[in-house]
Number of protein chains: 2
Amino acid sequence: MTTLTPAAASDRTGVSIDTLRYYEREGLIGPVRRSVGGRRQYTEDDVFWIGLVTCFRDAGLGIADLRGFVAILRAEHPPQERVAFLRERRAALEQRVAALGRAMQVLDEKITYYS
Amino acid sequence: MTTLTPAAASDRTGVSIDTLRYYEREGLIGPVRRSVGGRRQYTEDDVFWIGLVTCFRDAGLGIADLRGFVAILRAEHPPQERVAFLRERRAALEQRVAALGRAMQVLDEKITYYS
DNA sequence: CTCGAATCTGGAGCGCGCTCCAGGTCAAGA
DNA sequence: TCTTGACCTGGAGCGCGCTCCAGATTCGAG
């Protein structure tokens, strides 16, 4: 199976090498397989997962939130517990969207006013 | 004209007294009028403005962003410059909404999967 | 085999956005 | 007048999310 060096994984994901190691330390990704010499070998699955993490980070979730997300998806949990957790997270995101909507409305008012 | 003490302004806005003073130091609000003895006296206008700041903070804008916002609205700028700035800010917020949408979609997929 | 680039680890440093603290001032009630 | 509590200032401290650094190790090209 073909794997990626840290530099390649960084290029593919747009996440810095330092941050990749940080995420791994924090348990958000991996643990990533190592070569005999101890170098990291990122798989396609790793890259995909990093993409998910990035997606949630971009959406404003904190490291702790993501740790929770990882925990729920990785460990064995009854489906209903997972669904409950996921719905809760979704609701939180909706709150954020609402906050953004309010701010955009204020901007729109100002834009109208100055136009 | 009736004014509010720091404690009252904090109650009304939901922003801590420390944070109100911090915002003032950073130029996001005020400068707030003072009593003879040097205590702050918040006006209704101040409270309203604090509401705006809070709205944008909740939407995820940084202190520096808000300083820019304040500068554009307070100082004399040609309307078209203000509008350009406001539109730019609005576009940034749309980006954030899009990021949230992507994250919510991922959650929805997982929810569907586990349901 | 040698050299240089890439990677490793542990830990320090940094910018942000507050939050807290010490030490002093002001103001309203008993 | 005295006390008590809210408020003042300047500055330190903190949690987050990286980011950078030193010093050692590994690996591929020549």
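Throughout, protein chains are lettered first and strands after them, A, B, ... in sequence-line order, and every chain is numbered starting at 1. Since the model is a prediction, treat every value here as computed from it, not as a measurement. The basis for the numbers below is simple: all heavy atoms, side chains too, and nothing from hydrogens, waters or symmetry mates.
Along DNA chain D, the nucleotide nearest A:Tyr23 and the nucleotide nearest A:Ser35 are compared for position; the residue whose nucleotide lies closer to the 5' end is A:Tyr23. For A:Gly38 and A:Arg25, each mapped to the nucleotide of DNA chain C holding its nearest heavy atom, the one lying further toward the 5' end belongs to A:Gly38.
No donor-acceptor pair under 3.5 Å is formed between the side chain of B:Thr19 and the backbone N or O of B:Tyr22. Side-chain atoms of A:Thr54 come within 3.5 Å of backbone N or O of A:Ile50 as a donor-acceptor pair. A distance-only check finds no donor-acceptor pair linking the side chain of A:Glu26 to the backbone of A:Ile63 [under 3.5 Å]. A donor-acceptor distance shorter than 3.5 angstrom exists from the side chain of B:Ser10 to the backbone of B:Val15, with no hydrogens or angles considered. In this structure, A:Asp65 contributes its side chain and A:Gly62 its backbone to a donor-acceptor pair below 3.5 Å.
Among the atoms of the strands shown, base atoms are found under 4.0 Å from some heavy atom of A:Arg21. Contacts of B:Arg40 with the nucleic acid, taken as non-hydrogen atoms under 4.0 Å apart, involve only primed sugar atoms and P, OP1 or OP2.
For B:Ile63, the side-chain atoms get nearest to C:dC18 when compared with the rest of D:dT19, C:dC18, D:dT9. The side chain of A:Arg34 approaches C:dC8 more closely than any other nucleotide in the set D:dG17, C:dC21, C:dC8. Nearest to the side chain of A:Asp18, among C:dA27, D:dC20, C:dG17, sits D:dC20. Nearest nucleotide to the B:Ser16 side chain, out of D:dC27, D:dG17, C:dT19: C:dT19.
The distance from atom CD of A:Glu24 to atom P of C:dT9 is 8 Å, rounded to the nearest whole Å.
Listed in residue order, the members of residues 2-9 of chain A having a heavy atom less than 4.0 Å from DNA chain D come to none.
By the neighbour-count criterion of 12 heavy atoms within 6.0 Å, atom CD of B:Glu109 is densely surrounded, having more than that number from other residues, nucleotides or ligands.
Residue A:Arg39 places a side-chain atom within donor-acceptor reach of the base of C:dA6, judged by atom type and a 3.5 Å distance cut-off alone.
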